[in-house]
Amino acid sequence: MKKTIIKLSFIVVSLMLMISSCTKTPIEEAQDAYDYNAIIPKVLGMSGASVAIQTFTSDFTITYYRGGSTWNWSAEGATVSSVSDDSRIATIEFTNDGTATVTVTETTAGGKTSEPVSMDVTVMKYCPLTNGVADMVGAWAGTDGQGDDYTFESIITSEVSGTSLALTGISEGFINGFWGEGVIAGGTILATINIDGTVDVPRQFLYTTEYEGDPYDYEIEGSGTWDNCGSTPSLLINYDVYYAGEDVGLAEDYAAYLNDIPYLTANIAIDDTKAARVVNFVTKKVPVVK
């Protein structure tokens with residue numbers, strides 16, 4: 001009797017498996033019933049660099065996925081050097097300085113093509129450094145901060161540190177003038193000067209400040225570009241300042257004060273005639289919300 005029950009159970013299970021293997025899942029049924037010809041395509045998002053360097057390449061990416069679609073890339077003032085197998089990533093080579101335009105359309109599995117979506121790219125002229133990072137040693141003058149009221153005149157000094165450029169003084173006007181804290185220690189960071197005209201500032205300790213008698217440690221992270229085509233090298237670094245270990249920086253958190261721009265910008269060029277100058281940052285009387 002026991003053997004008979006086991007055999008019957010085995011037969012029932014086998015039949016159920018056979019039936020389930022012949023039955024499509026709801027997702028498969030929906031896919032079969034889906035009318036790709038009914039899709040009205042629209043490029044929903046494209047990401048890529050808004051600033052590029054002449055003679056180098058940059059990737060542009062479709063930021064969403066639609067099954068069965070392909071994306072068609074073109075460029076004006078630049079060249080599409082390659083496209084990924086799924087056509088969602090295009091590598092663009094910027095051969096000329098000035099302005100280039102990268103354009104993409106989407107074609108669905110049903111053969112319908114969207115209206116084009118374009119992104120303008122400012123292409124900086126490329127003038128290589130003669131002596132590498134050593135060409136970027138000196139006193140840098142310019143502005144540092146963000147927004148109409150929180151951009152400060154700045155002097156930042158630099159020296160070679162291994163293969164990096166050590167920058168001293170970045171964001172000190174901002175942390176004093178906007179955040180209301182004075183720097184009491186640190187203030188030097190290491191920036192990587194890449195051959196392609198870009199700059200990387202990895203997350204690292206920035207400085208210690210004092211507020212109402214208590215010390216506070218801050219970190220920095222950012223990126224930017226360098227330009228060696230003027231009379232002296234220049235730097236444009238977008239960055240944010242963080243409480244040590246925090247994920248959201250001051251500029252991102254308080255963007256409403258800074259023209260809704262979630263980062264700070266140091267826009268500086270070497271000016272050794274100002275090396276001995278002492279910059280008096282004006283502390284504006286603004287509400288500091290902490």
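Being a predicted model, the structure only gives us computed values, none of them experimental.
In summary, the side chains of Thr188 and Tyr207 do not present any donor paired with an acceptor at a separation below 3.5 Å, with no hydrogens or angles considered. If you check the side chains of Asp253 and Tyr242, you find no donor sitting under 3.5 Å from an acceptor. There is a side-chain donor-acceptor pair under 3.5 Å between Asn194 and Asp200. Side-chain N/O atoms of Asp217 and Thr208 include a donor and acceptor closer than 3.5 Å.
Heavy-atom minimum distance, Asp240 versus Gly249: OD2-CA, 3.3 Å. When all heavy atoms are compared, the tightest approach of Ala191 to Leu167 is CB-CD1, 4.1 Å. Residues Thr61 and Trp73 come closest through the heavy atom pair N-CH2, 4.2 Å. Nearest heavy-atom pair across Met124 and Val51 is SD-CG1, 3.7 Å. The heavy-atom pair separating Thr108 from Ser69 by the smallest distance is CA-OG, 3.6 Å. The heavy-atom pair separating Ile92 from Ala75 by the smallest distance is CG2-CB, 4.4 Å.
Taking Arg66 as the reference, Glu106 meet the salt bridge (charged side-chain N to carboxylate O under 4.0 Å, His left out) condition, with sequence neighbours excluded.
Within 6.0 Å of the CG atom in Asp247, the count of heavy atoms belonging to other residues, nucleotides or ligands does not exceed 12. Atom CD of Gln204 is surrounded by more than 12 heavy atoms from other residues, nucleotides or ligands within 6.0 Å. For Ile184, the CD1 atom is densely surrounded, since the number of other residues' heavy atoms within 6.0 Å is greater than 12. Atom CD of Glu210 has more than 12 neighbouring heavy atoms from other residues, nucleotides or ligands inside a 6.0 Å radius.
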(request) Could you please spell out the steps behind the side-chain hydrogen bond (donor to acceptor under 3.5 Å, both in side chains) verdict for Thr99 and Asp120? (result) CA-CA 7 Å; Thr99 301; Asp120 290 333; over 6 Å; no
(request) Mind running side chain to side chain contact (heavy atoms under 4.5 Å, CB included) on Val199 and Thr225 for me, showing each step along the way? (result) CA-CA 5 Å; Val199 179; Thr225 58; 5.6 Å; no
(request) Check the pair Glu76, Thr103 against side chain to side chain contact (heavy atoms under 4.5 Å, CB included), reporting the backbone distance first and the verdict last. (result) CA-CA 8 Å; Glu76 183 178 347; Thr103 302; over 6 Å; no
(request) Determine, step by step, whether Phe60 and Trp71 satisfy the ring-ring contact (aromatic ring centres under 6.0 Å, His included) criterion, reporting the C-alpha distance in whole Å, the side-chain angles of both residues, the deciding distance to 0.1 Å, and the verdict. (result) CA-CA 12 Å; Phe60 290 76; Trp71 289 268; over 10 Å; no
(request) Decide yes or no on side chain to side chain contact (heavy atoms under 4.5 Å, CB included) for Ile62 and Val104, but give the supporting numbers first. (result) CA-CA 9 Å; Ile62 295 299; Val104 65; 4.0 Å; yes
(request) Would you please test Asn259 and Asp148 for side chain to side chain contact (heavy atoms under 4.5 Å, CB included) and show each step? (result) CA-CA 7 Å; Asn259 289 2; Asp148 294 334; 3.5 Å; yes
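Within the 4.5 Å cutoff, the side chain of Phe152 has no heavy atoms near those of the Glu172 side chain. Here the side chains of Phe174 and Leu258 are in contact, with some heavy-atom distance below 4.5 Å. Side chains of Thr107 and Asn72 form a contact here, defined as non-hydrogen atoms less than 4.5 Å apart. For the pair Val133 and Thr163, the minimum side-chain heavy-atom distance is 4.5 Å or more. Looking at heavy atoms from C-beta onward, Val137 lies in side-chain contact with Val160 at the 4.5 angstrom threshold. Under the 4.5 Å side-chain criterion, counting only non-hydrogen atoms from C-beta, Leu250 is in contact with Tyr218. Using a 4.5 Å heavy-atom threshold, the side chains of Val123 and Asn96 count as separate. The side-chain heavy atoms of Ser154 and Thr143, taken from C-beta on, include no pair separated by under 4.5 Å.
To the nearest 0.5 Å, the span separating CG on Leu206 from CD1 on Ile220 amounts to 5.0 Å. Going from atom CG of Asp271 over to atom OG1 of Thr232 covers 7.0 Å, rounded to the nearest 0.5 Å. Atom CZ of Arg203 sits about 14.5 Å away from atom OH of Tyr239, to the nearest 0.5 Å. Atom-to-atom distance recorded for Trp140:CH2 and Thr168:OG1 is 13.0 Å, nearest 0.5 angstrom. One distance of note links CG of Asn267 with OG of Ser234; it measures 7.5 Å at 0.5 Å rounding. Interatomic distance, Thr157 OG1 to Ile170 CD1, rounded to the nearest 0.5 Å: 11.5 Å.
Follow the hydrophobic side-chain contacts under 4.5 Å out from Met119 and you reach Val43 in the same cluster. In this structure, Phe205 is not a member of the same hydrophobic cluster as Val183, with clusters built from ILVMFWY side-chain heavy atoms closer than 4.5 Å. Using a 4.5 Å cut-off between side-chain heavy atoms of Ile, Leu, Val, Met, Phe, Trp and Tyr, with links allowed through other members, Leu264 and Val248 fall into different hydrophobic clusters. Follow the hydrophobic side-chain contacts under 4.5 Å out from Ile261 and you never reach Val201; the two are in separate clusters. When the side chains of ILVMFWY residues are joined at heavy-atom separations under 4.5 Å, either directly or via intervening members, Val83 and Met46 end up in a single hydrophobic cluster.
Ser84 contributes a side-chain N or O that, together with a main-chain N or O of Ile89, makes up a donor-acceptor pair within less than 3.5 Å. Side-chain atoms of Ser158 come within 3.5 Å of backbone N or O of Met136 as a donor-acceptor pair. A donor-acceptor distance shorter than 3.5 angstrom exists from the side chain of Thr63 to the backbone of Gly45, with no hydrogens or angles considered.
Contacts classified as ring-ring contact (aromatic ring centres under 6.0 Å, His included) and involving residues 38-59 (residues at least two apart or in different chains) are given here: Phe56-Tyr126.
Ring pair Tyr254/Trp179: centre-to-centre distance below 6.0 Å.
Between Tyr216 and Tyr243, the two ring planes are tilted [angle within 30° to 60°].
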